[in-house]
Amino acid sequence: MAATCRFAAPLGLAPLPRSCAGAKSVAFSMGTTKVAPRTRSVAVRAGDGPAETPEILKAAQDAWAKVEDKYAVATIGVAGLVALWTAVGALKSIDKLPILPGVLELVGIGYTGCCYFVFTQWFTYRNLIFQPDREALISNIKSTYNEITGSSS
């Protein structure tokens, strides 16, 4: 055992304890190698029964069983993961550039502001300026509310 410890220590490996069974131990000596077999004992504790499969895994297995063209679905999934990985890499590389992220942030804020302005103008003209349009909007909101809540008034 001392020889094993002497050779294992420089490699950063801990020596095997004496109770560690199963593996063949190798003792080094002057030019010869001795292999001594050992017996291995394993204690297995039985559980309460077979492990139950989680519900989400069962649902995924059922959904996969219903798929007719598994090759196409798997190909699309892999292509989606590759596209996501590529997009994340591109965004990370753009983010490392010194001035471009700030410019793109300003462009995004400006685009969002323009879209908001255009939408509010369109919505106002379409639904709020004329009396019949306002009444139609109010009745549409009330009917949608009643559908959601299940009440009738």
Side-chain angles (χ1 to χ4, degrees), residues 1 4-26 38-153:
M1 192 68 164
T4 305
C5 292
R6 189 176 69 217
F7 288 115
L11 298 174
L13 302 173
L16 295 173
R18 291 182 188 252
S19 64
C20 180
K24 295 182 180 181
S25 65
V26 177
R38 292 188 180 181
T39 59
R40 181 176 208 167
S41 61
V42 177
V44 178
R45 183 177 291 173
D48 295 334
E52 292 293 323
T53 308
E55 292 292 326
I56 192 162
L57 188 58
K58 286 181 183 178
Q61 288 172 344
D62 292 341
W64 184 251
K66 291 178 184 177
V67 172
E68 291 181 13
D69 195 2
K70 291 180 171 63
Y71 180 74
V73 172
T75 303
I76 291 171
V78 169
L81 289 174
V82 169
L84 181 66
W85 180 66
T86 304
V88 167
L91 288 175
K92 283 183 179 179
S93 64
I94 288 173
D95 198 34
K96 290 179 183 177
L97 297 173
I99 195 166
L100 196 56
V103 171
L104 291 178
E105 188 174 340
L106 288 175
V107 168
I109 291 171
Y111 183 78
T112 303
C114 288
C115 288
Y116 176 75
F117 178 74
V118 169
F119 174 75
T120 54
Q121 293 296 315
W122 171 82
F123 183 82
T124 302
Y125 178 75
R126 175 105 176 156
N127 296 311
L128 301 178
I129 292 180
F130 304 109
Q131 180 70 27
D133 294 334
R134 283 193 300 264
E135 292 171 357
L137 176 66
I138 291 171
S139 66
N140 190 7
I141 291 172
K142 286 182 180 179
S143 66
T144 304
Y145 177 78
N146 290 335
E147 285 180 23
I148 292 171
T149 59
S151 62
S152 60
S153 56

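From a predicted model like this one, the values you see are computed outputs, not experimental measurements. Starting from 1, each residue takes its place in the sequence as its number.
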Spacing of I76 atom CD1 and L81 atom CG [to the nearest 0.5 Å]: 12.0 Å
More than 12 heavy atoms from other groups under 6.0 Å of CD1 on I56: no
Distance, nearest 0.5 Å, that separates OG1 of T124 from CZ of F119: 9.0 Å
Interatomic distance, L128 atom CG to T120 atom OG1 [nearest 0.5 angstrom]: 10.5 Å
Exceeds 12 heavy-atom contacts within 6.0 angstrom, atom NZ of K66: no
Within 6.0 angstrom of I129 CD1, more than 12 heavy atoms from elsewhere: yes
Greater than 12 external heavy atoms within 6.0 Å of E105's CD: no
Between CG on residue N146 and CD1 on residue I141, distance to nearest 0.5 Å: 12.0 Å
E135 CD to Q131 CD distance, which is reported to the nearest 0.5 Å: 4.5 Å
Atom CZ of R126: over 12 foreign heavy atoms under 6.0 Å: no
Spatial distance of atom CG (D133) from atom CD1 (I138) [nearest 0.5 Å]: 11.0 Å
Backbone of A136 reached by a side-chain donor or acceptor of N140 within 3.5 Å: no
